[in-house]
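Can you keep this structure in mind? I'll have questions shortly.
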There are 2 protein chains.
Amino acid sequence: MSRALKDHPDINTDTKKAVNELASKLKYQPNAVALSLKNSRSNTIGIMIPEIVHYFFSSVISGIEDVASQKGYTVIICQSNEKFAREVSNAKTLLSHRVDGILISISKETNSFDHFVNLQEGGIPLVFFDRIAPGISADLVITDDIDASYNATRHLIETGCKRIAHFAGPQGLVISRDRLQGYLNALTEAGLPIDKRLIIEADTFEKARNTVGHMLDAGNVPDGIFAVNDMTAIGAMQTIQKRGYKIPDQISIVGFSDGYLSGITDPHLSSVDQHGYEMGTTAAEMLFHRILSDEDEYVPEVKVLRADLIVRGSSEKE
Amino acid sequence: MSRALKDHPDINTDTKKAVNELASKLKYQPNAVALSLKNSRSNTIGIMIPEIVHYFFSSVISGIEDVASQKGYTVIICQSNEKFAREVSNAKTLLSHRVDGILISISKETNSFDHFVNLQEGGIPLVFFDRIAPGISADLVITDDIDASYNATRHLIETGCKRIAHFAGPQGLVISRDRLQGYLNALTEAGLPIDKRLIIEADTFEKARNTVGHMLDAGNVPDGIFAVNDMTAIGAMQTIQKRGYKIPDQISIVGFSDGYLSGITDPHLSSVDQHGYEMGTTAAEMLFHRILSDEDEYVPEVKVLRADLIVRGSSEKE
DNA sequence: CTGAAAGCGCTAACAG
DNA sequence: CTGTTAGCGCTTTCAG
């Protein structure tokens, strides 16, 4: 009987003891599945992310997991691999598993959001983090990308760069647009011209290598690069060094967010530290607030986390 | 009625159509929880790993996930954060969630294995990968660590190294012992002396930095280092370079397994490529073989995957 | 061909 | 204080 195990006050001590002994003798393990069905609460939350194989996302997951396991929740992780179709099918999976809430960072391909609305109509609270879905009314945890990018670009300007390139992410993502915006703001403020040949959509290691190659071939040589993520920055760095340019003397480089990679390059990469773990715990706390509270009115909350520019060798001229 | 949706042959076409229309109008989503309870199969598998924040493990997960989602299975991921207690509690969680099978790589702390036996007694098939549990009778997917380490060390010997250090992992793990063994085999074969001062347990970036520092301070200077993983190799590399030694001219370095980091260092890091994604798909296939077959006799299988030494700048002298 | 009922494991509510 | 029952959503079996 469940009351004995649950240490209910109305139960005789002897009975409790007897039941508990029997339970441990039979190695009784409560069946979480039956419990979920009974309670229509699964004590499980879902995570939808593009790819686990990125330091940023895996550190966010660590943050989420720590909060979840501390609250007795299990975590189901679904990767979209940056594919829209996979994201839709993941949403269906999580819905049918009746997760109690979902933390989401959308894929690069995603520009339709019905699958998220379905989830919400199914009564599942959603918290978007980092790569949010524009137009969906839900809790958000974001980095102050405009401000961080502004600071990164301003730092390049202050160290003497005049022709600063931006390697941008796909403009479907809010974070990509914001990072571009911060870059533009800094240029405008400093009275520097905005040159379209210096703004290129390139957000992977490989794309950066190619892009830089083409730029140098065309004589379109920047003296600074602000890249949308660290792998892109590192790709650029490699090609630049291979072509014989000196970093940071001839070209300065600043990346964004990918964590521990920055300490490995030579010179070390200046980058914006995005505090992935903290974003994970924050997002998870917000989700559990929704799950566990029973407020009727739904007012979406937005948490903006600071991201800090860390200046290292790749942009440090003396 | 489920028969209509399942396209059962004994059902009138008109009825089927009517039911399907109604289902889509009401946005009917099958409840996977109820289904699990009914079938006592959850269509869910579990993964137990130390930490997701490692390229190797996250690429293994990608492999597992791709196989699982293709078979219509959901994946629950549990991290131990290298803590034994957390691993035990994760095992309990997965058991109570009645997962249909579990893929496991044990924590550094783990040296008792009852929690895995419990799982097996609960009728859950287990497949261990990479960091296996010695003494447990279960399917295994492992890297040929002895052979790979032998090759890595032999390569150092062939390029002229005579005082080769090994930065080893915790000797509780089979993989750590095997990697040490491969190193010893190569030394012995080449008639090189085995010097205990050159074999040091250091398996993180930080530990490697300190260790190398102490070695150099003590005048205990190697001319080659074989490290148990890439982060360790990179930590060593940084300190060595900071102290003014040239890589590979004075000291050669070879790492192990961490994937894309090797292309980022200067010089690029020679390393053993461990094919994480492939290990994931292999392990998942083995697990599904157990889950879906109904053979009575249980004969554990062992799959040994090759790992290939990739020679790059950090050990390439001309 | 189709409706009804039983039961997966659990707990809250209700009797005793 | 403790035993019994209903029902979470599904499918399989058995009647109709």
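Residue numbers begin at 1 in each chain, while the letters A, B, ... track the order of the sequences.
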Q. Would Q29(A) and N118(B) count as having a side-chain donor-acceptor pair, cut-off 3.5 Å?
A.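 Not at all, the side chains of Q29(A) and N118(B) share no donor-acceptor pair under 3.5 Å.
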
Q | Residues which pass side chain to side chain contact (heavy atoms under 4.5 Å, CB included) with Q120(B), listed by chain and number, not counting sequence neighbours | A |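 For Q120(B) the side chain to side chain contact (heavy atoms under 4.5 Å, CB included) partners, ignoring immediate neighbours, are L126(B), I136(B), A138(B).
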
Q: Take atom CZ of R98(A) and atom C1' of dC10(D), then tell me their distance rounded to the nearest Å.
A: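 Checked: the CZ to C1' distance equals 11 Å.
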
Q: Whole angstrom is fine here: how far is it from CG in L37(B) over to C1' in dT12(D)?
A: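 Nearest whole value for this atom pair: 14 Å.
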
Q: Measure the distance from OH on Y28(A) to C1' on dG9(C) and round it to the nearest whole Å.
A: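 Between C1' of dG9(C) and OH of Y28(A): 8 Å.
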
Q. Looking at the side chain of A34(A), which of dG9(D), dG9(C), dT11(D) is the nearest nucleotide?
A.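 Given the options dG9(D), dG9(C), dT11(D), the side chain of A34(A) is closest to dG9(C).
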
Q. Can you name the side chain to side chain contact (heavy atoms under 4.5 Å, CB included) partners of S42(B), sequence neighbours left out?
A.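 If we apply the side chain to side chain contact (heavy atoms under 4.5 Å, CB included) test to S42(B), skipping adjacent residues, the hits are S36(B), T44(B), D100(B).
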
Q) Between N43(A) (CG) and dT11(C) (C1'), how many Å, whole number? A)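 Rounded to whole Å, this separation is 14 Å.
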
(Q) Could you tell me how far apart L35(B) (CG) and dC8(C) (C1') are, to the nearest whole angstrom? (A)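 Taking atom C1' of dC8(C) as the reference, CG of L35(B) is at 11 Å.
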
Q: Please state how far atom CG in N39(A) lies from atom P in dC8(C), giving the value in whole angstrom units.
A: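 Rounded to whole Å, this separation is 19 Å.
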
Q. Of the nucleotides dG7(C), dG9(C), dC10(C), which one has an atom closest to the side chain of K38(B)?
A.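 Selected nucleotide: dG7(C).
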
Q.
Among residues at least two apart in sequence or on other chains, which ones pass salt bridge (charged side-chain N to carboxylate O under 4.0 Å, His left out) with D66(A)?
A.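 If we apply the salt bridge (charged side-chain N to carboxylate O under 4.0 Å, His left out) test to D66(A), skipping adjacent residues, the hits are R86(B).
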
(Q) Measure CZ/R41(A) against P/dG7(D) and give the value in whole Å, please. (A)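 Rounding to the nearest Å, CZ of R41(A) and P of dG7(D) are 21 Å apart.
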
Q. Between the two ends of the helix from dC1(C)-dG16(D) to dG16(C)-dC1(D), what is the bend in degrees, rounded to 10 degrees, where each end axis spans five pairs?
A.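 The angle separating the two end axes equals 60°.
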
Q) Given atom CG of N31(A) and atom P of dC10(D), what is their separation to the nearest angstrom? A)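 It is 17 Å, rounded to the nearest whole Å.
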
Let me check something: any side-chain donor-acceptor pairs from residues 278-286 of chain A under 3.5 Å, sequence neighbours excluded? List them with distances.
| unit_1 | atom_1 | unit_2 | atom_2 | d |
| --- | --- | --- | --- | --- |
| T281(A) | OG1 | E278(A) | O | 2.9 |
| T282(A) | OG1 | E278(A) | O | 2.6 |

When the side chains of residues 77-85 of chain B are checked against the rest of the protein, which donor-acceptor pairs come out under 3.5 Å, sequence neighbours left out?
| unit_1 | atom_1 | unit_2 | atom_2 | d |
| --- | --- | --- | --- | --- |
| Q79(B) | OE1 | I52(B) | N | 3.0 |
| Q79(B) | NE2 | E65(A) | OE1 | 3.3 |
| S80(B) | OG | E82(B) | N | 3.1 |
| E82(B) | OE1 | K108(B) | N | 2.7 |
| E82(B) | OE1 | R131(B) | NH1 | 3.0 |
| E82(B) | OE2 | R131(B) | NH1 | 3.4 |
| E82(B) | OE2 | R131(B) | NH2 | 3.1 |

